[in-house]
Enquirer: 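The structure's right below; bear with me while I get my questions together.
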Amino acid sequence: MQTHQYDVVIVGAGGAGMRAALESGKRVRTAVLTKLYPTRSHTGAAQGGMCAALSNVEDDNWEWHTFDTVKGGDFLVDQDAAEVMAKEAIDAVLDLEKMGLPFNRTPDGMIDQRRFGGHTRKHGEAAVRRSCYAADRTGHMILQTLYQQCIKHEVSFFNEYYVLDLLFNEVDGVRRTAGVVAYDLATGETHVFRAKAVVFATGGAGKVYKTTSNAHTLTGDGMAIAYRRGLPLEDLEFFQFHPTGLAGLGILLSEAARGEGAVLRNAAGERFMETYAPTLKDLAPRDVVARAMANEVRQGRGAGPNRDYVLLDLTHLEPAHIDAKLPDITEFARTYLGVEPYTEPVPVFPTAHYAMGGMPTTVDAEVLADNDHVLPGLYAAGEVACVSVHGANRLGTNSLLDINVFGRRAGIAAAKFVERAPWVELPESPEADTVALLEGIRERESGERVAALRRALQETMDANAQVFRSEATLKQALADIHALRERYANVSVQDKGRRFNTDLLEAVELGFLLELAEVIVTGALERKESRGGHFREDYQNRDDVNYMRHTMAYRTESSDGDATVRLDFKPVVVTRYQPMERKF
Amino acid sequence: MATATVEQAPAAADAVPSFQVTMRLRRFNPEQDTEARWEDHTLTMYGTDRVLDALHKIKWEIDGSLTFRRSCAHGICGSDAMRINGRNRLACKTLLKDLPLDKPVTVEPIKGLAVLKDFVVDMEPFFEAYRSIMPFLVTSGNDPSRERRQSPEDRARYDDTTKCIMCAACTSSCPVYWTDGQYFGPQAIVGAHRFIFDSRDEGAEQRLEILNDRDGVWRCRTTFNCTDACPRGIEVTKAIQEVKRALLFRRG
C-alpha cells in the first residue's frame, strides 16, 4: 500500500471535477483521481448547450432562467440555489469562452444562442434563445477546454485510479474528512490519499437502468461510497428519462434537434406534443415529453413493427442547417440505426439520462451529513450532488451549467477550507475495508456472474421504476433488488489477476448499483404523488401538502447485519416562487 | 447505450436478423503469457450490434479476463480504439454487419504503444505528445469583460480539429510513429492546429517552433493512414499540411 498526501483530492475528472481542480489547483496542492482518463468522462457526451441569460440574440435575464429552473423542476428545486446558478451562469459561459471554448457565433462574433426545452421568456410566455452551444458537441468542447486548462495549470492527475472508499476520523467528537482509498487499475495496488478536503465529482448512475444514454462507467460510485459511510442521499427517486434516445439503444439525440425545429410524431404522423403542451409543444420539459411519448406508445400509436417507439422528424430542415448545427446526432442515427435523418424520421424512445438526486450539498458544495450539519472537509459537485437545482426534473443544458457553477464553487470552497483546517489523522488501517471488499470477490472460487445479475437489475428497473411507476411495480422492483443483493453475496470473477482487472471492478460497481437502485425504489414507493420525473399511476397529482419536501435516504444496519434504507425528509427552500400548476 | 443489446435484438433492429460471427482476438495477459496469442470465439449477434457488443458478450458470458477500455459506447469518449480487421477503428462505432462475416473479425490492440493487457495499451506517450504542444489558448493582456469576438468564418477555420476525441486511432496508424517513438504523431499536430488557426490565440509562433523540431511535423510522410483512421472524420493529413505550410510561410 502506498500513501499520498494532498491538501485537496478531487474524485472524478469530468466537467465538475476539472472545473474544481482549476480553482483548487491554483490555491493549494491538489490531485485529481479518475477511474478513466480525463477526456473520457461523460461530460463529453453532452450535446445541446449551456444556458445563460447573456441576451446576445434575444432579451433575457437570469430571473427568468431561475423561474424556468424552479418550474421545470416541479417546485422541488431549492430556489436559493437555482438563483445562484442562473446568476453565475453568465460568468460561467464567459469564463469558458476566455479559456478558449469554441462556441458557435452570431454574425457579429458574439456567442450564439438557441432554444431549449423549458427555457422561456417572461415566465413561460414563449421559448427563448438561451442555450450557448458548439454545434451538438457542447459537452465535448467543455471537457476538452477544461482539460486543456488543466494541462496549462499543471494539475496532477492519477488516471485509472478507482476511488472505492471515503475516510473519516473523529476530532473532538465531530466526524471530519481524512482522505480516500483508491485502487490503481494498472497494478492492482491500493493507495491511500490523505487529504484535508475531498471533492466528489463522480457523476451519475445511469447504469441502474437497461436503456440509458449513460456510459458503461456511470455506476454511481461516489453516491454509493458516501451512502455506505452513513451519509444521506437526497431525492434519488427522481431520475430523468430523456425523451429522445435512439430506439432500442438509448443513445442520446439532443433536445437541440427540437430546439432547431425538429418535431415528434406518432405512427399516424401526428405532432402529438401539441395536445400535451399547447404552448411549448416539443420544447416542453423532458418529463412532460417523455411521458407523452410513452403514453402514445401505450395507446397503440407507436411506430415500427412492434409499435414501441415514436419518430423524431427533421426532414423539413435544410440538410445544410442540420450539418451545421446537429452533425453528431445525425451521424449517430446513420451509424447505429441506418436511418438518414435528411429524408427519414428517426425512431426514438425515452432513455434513462440523469440523476436529479445525489449527495446533498449547500450552495458552496459542502456535503450535508444530515438536514442541518455539513461534514467538514467533504464537497460534491455535478451529477453526484444534489444542491438541489434540478428538483424533480432537470431542464436541458442545466447540467453543463451545474458542473461549471458548482464545480467552481467546490474548488474554491475546498481550497479555502484547507487554509484554515488542521490535518486529520488517518483512521487505523485505512485501506482495510477496501482490501476486504476486493479480495472477498477476487478470492471467491465460484459463484454467479456479475453480468447476469446486472442485467436482471437493469431489466427490473426498466420494467418497474421507469417513466411510469405504481406501488405494485415498485414493490416488485424492491423484491427483485433484495433477491439480487442476496445473490450478489455469491458473485465471483474469472480474472484473479492484479493488472487491469476490469472483471473485478465491474463486480464492485454492481454492488454500488444495487445500493442505489434500492434507494431509488424505496424513495419512489414512499412518494405517493407525481412530480417531475417521478410519475405514480396510482397517485397522478402533485401533492404539495404532504410531499413538497426532499427525501433524505440513509443506510442503516439492523442488529443482524441486514442493511435497509431509512428515509427522512428535508424542507424545500422557497424564496420567490410559490408552487403553481405546471402547464406548458 | 443499453447493455442488453448482446442478447436481445433491439426494437429498431428489425432490418438485419441475427447472424454468426467469429471473433479472432489478439490476447496478452502479462501475468500469464510470455507473448501474445490468438483466440477465437464464435457468437450469435444481432443487426445493430457493434464490435464492442461482441467483446462484451465474450467478457460477460465466456471469459471475464478479456480486457479492454470502453466508456460511452457511442464514439464520443475515445476509449476503445482498436485494430479491427487490420484497420484502426472504435469498437463501439463499428457495426458487425458492416464487416465481412464469412471470415473471422480480427481484433488487436492499436500499434506503436506498449501493450499492457489484451487491448489495453500504454497511453502515456500519446498524452505526453499532446501536452508538449501547448494545447491551450494563449492570450496576452487582460481578459475582456465580455466574450472575445470571433466571426463565424474565423470560427469555422479550425472547426475540423476541435472534433478530436484523443482516441489515438490516427497516431497509432502512422508508420512513422511505429518506427520512431520520438515523433509527435498526428494527434498532437491536430491538437496544435486547433489553436494555431484560432483567431483568438497568440501562441502560434511558440507551437510552430515546437513542431519545427527534428521530431515534429516534417516527419510526416503524407501516407493518409491517419485520415483514414479518424473515427471523427477529421482531415488529419490536411491539418498537418496546413501546419507545414504555416511553417514555410513563417520562414519565408
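Every chain is numbered from 1 and lettered A, B, ... according to where its sequence line falls, protein lines coming before strand lines. No experiment lies behind these values; they were computed from the predicted model shown.
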Enquirer: Kindly give the heavy-atom pair with the smallest separation between B/Lys59 and A/Arg449, and that separation in Å.
Expert: O-NH1, 4.4 Å

Enquirer: State the OH-SG distance between A/Tyr37 and B/Cys167, to the nearest 0.5 angstrom.
Expert: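 SG of B/Cys167 is found 14.0 Å from OH of A/Tyr37.
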
Enquirer: Residues two or more places apart in sequence or in another chain: which of them pass salt bridge (Lys or Arg N to Asp or Glu O under 4.0 Å) with A/Asp136?
Expert: none

Enquirer: Whether A/Arg455 engages the ring of B/Trp60 as a cation-pi pair (distance to the six-membered ring centre under 6.0 angstrom, angle to the ring normal within 45°) should be assessed.
Expert: no

Enquirer: Are B/Met123 and A/Glu160 close enough that some pair of their side-chain heavy atoms sits under 4.5 Å apart?
Expert: no

Enquirer: If you tally heavy-atom pairs under 4.5 Å against chain B, which of A/Phe500, A/Phe103, A/Tyr147 wins?
Expert: A/Phe500

Enquirer: Please round to the nearest 0.5 Å and tell me the distance separating atom CD1 of A/Ile111 and atom CZ of B/Arg148.
Expert: 11.0 Å

Enquirer: Can you name the one residue among B/Lys93, B/Lys163, B/Arg232 that meets salt bridge (charged side-chain N to carboxylate O under 4.0 Å, His left out) with A/Asp328?
Expert: B/Arg232

Enquirer: Quick check for you: to the nearest 0.5 Å, what is the distance between A/Glu506 atom CD and B/His56 atom NE2?
Expert: 6.0 Å

Enquirer: If the threshold is 4.0 Å, N to carboxylate O, is there a salt bridge linking A/Asp112 and B/Arg155?
Expert: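 Here A/Asp112 does not pair with B/Arg155 in a salt bridge, since their nearest N and O are not under 4.0 Å apart.
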
Enquirer: Answer yes if the ring centres of A/Phe332 and B/His74 are under 6.0 angstrom apart, and no otherwise.
Expert: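 When the ring centroids of A/Phe332 and B/His74 are compared, they turn out to be within the sub-6.0 Å range.
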
Enquirer: Could you state the interatomic distance from SG (B/Cys72) to CG (A/Leu252), rounded to the nearest 0.5 Å?
Expert: 11.0 Å

Enquirer: Provide the closest heavy-atom pair for B/Lys117 versus A/Asp495 in the form atom of the first, atom of the second, distance.
Expert: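 Scanning both residues, the minimum pair turns out to be NZ-OD2, 2.7 Å.
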
Enquirer: Determine the option with the most heavy-atom pairs under 4.5 angstrom with chain A, choosing from B/Cys164, B/Ser71, B/Ser151, B/Ser65.
Expert: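 Among the listed options, the one with the most contacts to chain A is B/Ser71.
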
Enquirer: With a 4.5 angstrom heavy-atom cut-off, which part of A/Arg137 approaches chain B: side chain, backbone, both or neither?
Expert: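 The answer is the side chain of A/Arg137.
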
Enquirer: Considering only heavy atoms and a distance below 4.5 Å, find which of B/Phe136, B/Phe68, B/Tyr130 pairs most often with chain A.
Expert: B/Phe136

Enquirer: Once you round to the nearest 0.5 Å, how far does CZ of B/Phe127 lie from CZ of A/Phe157?
Expert: 10.0 Å

Enquirer: Counting heavy-atom pairs closer than 4.5 Å to chain A, which one of B/Gly75, B/Ser145, B/Gly233 comes out on top?
Expert: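 Of the candidates given, the most pairs with chain A belong to B/Ser145.
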
Enquirer: With a 4.5 angstrom heavy-atom cut-off, could you sort out which part of A/Thr43 is near chain B: side chain, backbone, both or neither?
Expert: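 Contact with chain B is absent: no heavy atom of A/Thr43 under 4.5 Å.
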
Enquirer: Quick one: closest heavy-atom pair of B/Ile165 and A/Gln144, and the distance?
Expert: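 Reported closest heavy-atom pair: CA-NE2, 4.3 Å.
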
Enquirer: Which heavy atom of B/Arg149 sits nearest a heavy atom of A/Asp108, and at what distance?
Expert: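 Shortest heavy-atom contact: NH1-O, 3.0 Å.
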
Enquirer: Just to verify, which of A/Leu94, A/Leu101, A/Val93 counts as forming a side chain to side chain contact (heavy atoms under 4.5 Å, CB included) with B/Glu147?
Expert: A/Leu94

Enquirer: Against chain B, work out which of A/Ala451, A/Pro102, A/Gly304 has the most heavy-atom pairs shorter than 4.5 Å and name it.
Expert: A/Pro102

Enquirer: With chain A, which of B/Glu153, B/Glu124, B/Arg146 has the greatest number of heavy-atom pairs at distances under 4.5 Å?
Expert: B/Arg146

Enquirer: Non-hydrogen atoms of chain B under 4.5 Å away: do they reach the side chain of A/Asn56, the backbone, both or neither?
Expert: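 The side chain, not the backbone.
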
Enquirer: Out of A/Gly109, A/Ser41, A/Gly338, return the one with the most heavy atom pairs under 4.5 angstrom to chain B.
Expert: A/Gly109

Enquirer: Any side-chain heavy atom of B/Leu137 sitting closer than 4.5 Å to one from A/Gln148?
Expert: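 Result no, sub-4.5 Å side-chain heavy-atom pair not found.
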
Enquirer: If you count heavy-atom pairs within less than 4.5 Å of chain B, which of A/Lys152, A/Glu331, A/Met99, A/Arg498 leads?
Expert: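 Of the candidates given, the most pairs with chain B belong to A/Lys152.
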
Enquirer: Let's test your reading of the structure: which of B/Arg69, B/Met134, B/Arg131 forms the most heavy-atom pairs below 4.5 Å with chain A?
Expert: B/Arg69

Enquirer: Is B/Arg200 close to chain A through its backbone or its side chain, or both, or neither, when contacts mean heavy atoms under 4.5 Å?
Expert: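 When you check distances to chain A, only side chain atoms of B/Arg200 fall under 4.5 Å.
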
Enquirer: I'd like to check the salt bridge (Lys or Arg N to Asp or Glu O under 4.0 Å) partners of A/Arg499; sequence neighbours left out, ordered by chain and number.
Expert: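 Testing A/Arg499 for salt bridge (Lys or Arg N to Asp or Glu O under 4.0 Å), a comparison that skips the adjacent residues, returns none.
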
Enquirer: Who wins among A/Val339, A/Leu218, A/Asp462, A/Leu54 for the most heavy-atom pairs under 4.5 Å with chain B?
Expert: A/Leu54

Enquirer: Answer with side chain, backbone, both or neither: which region of B/Asp201 has an atom nearer than 4.5 Å to a non-hydrogen atom of chain A?
Expert: neither

Enquirer: So how far is it from A/Glu97 CD to B/Gln150 CD, rounded to the nearest 0.5 Å?
Expert: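 The CD atom of A/Glu97 sits 7.5 Å away from the CD atom of B/Gln150.
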
Enquirer: Do you know which of B/Leu95, B/Thr162, B/Val120, B/Asp63 has the most heavy-atom pairs under 4.5 Å to chain A?
Expert: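 Maximum pair count with chain A is reached by B/Thr162.
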
Enquirer: Can you name the closest pair of heavy atoms from A/Thr502 and B/Leu66 and give their distance?
Expert: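 Of all heavy-atom pairs spanning A/Thr502 and B/Leu66, the closest is OG1-O, 4.4 Å.
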
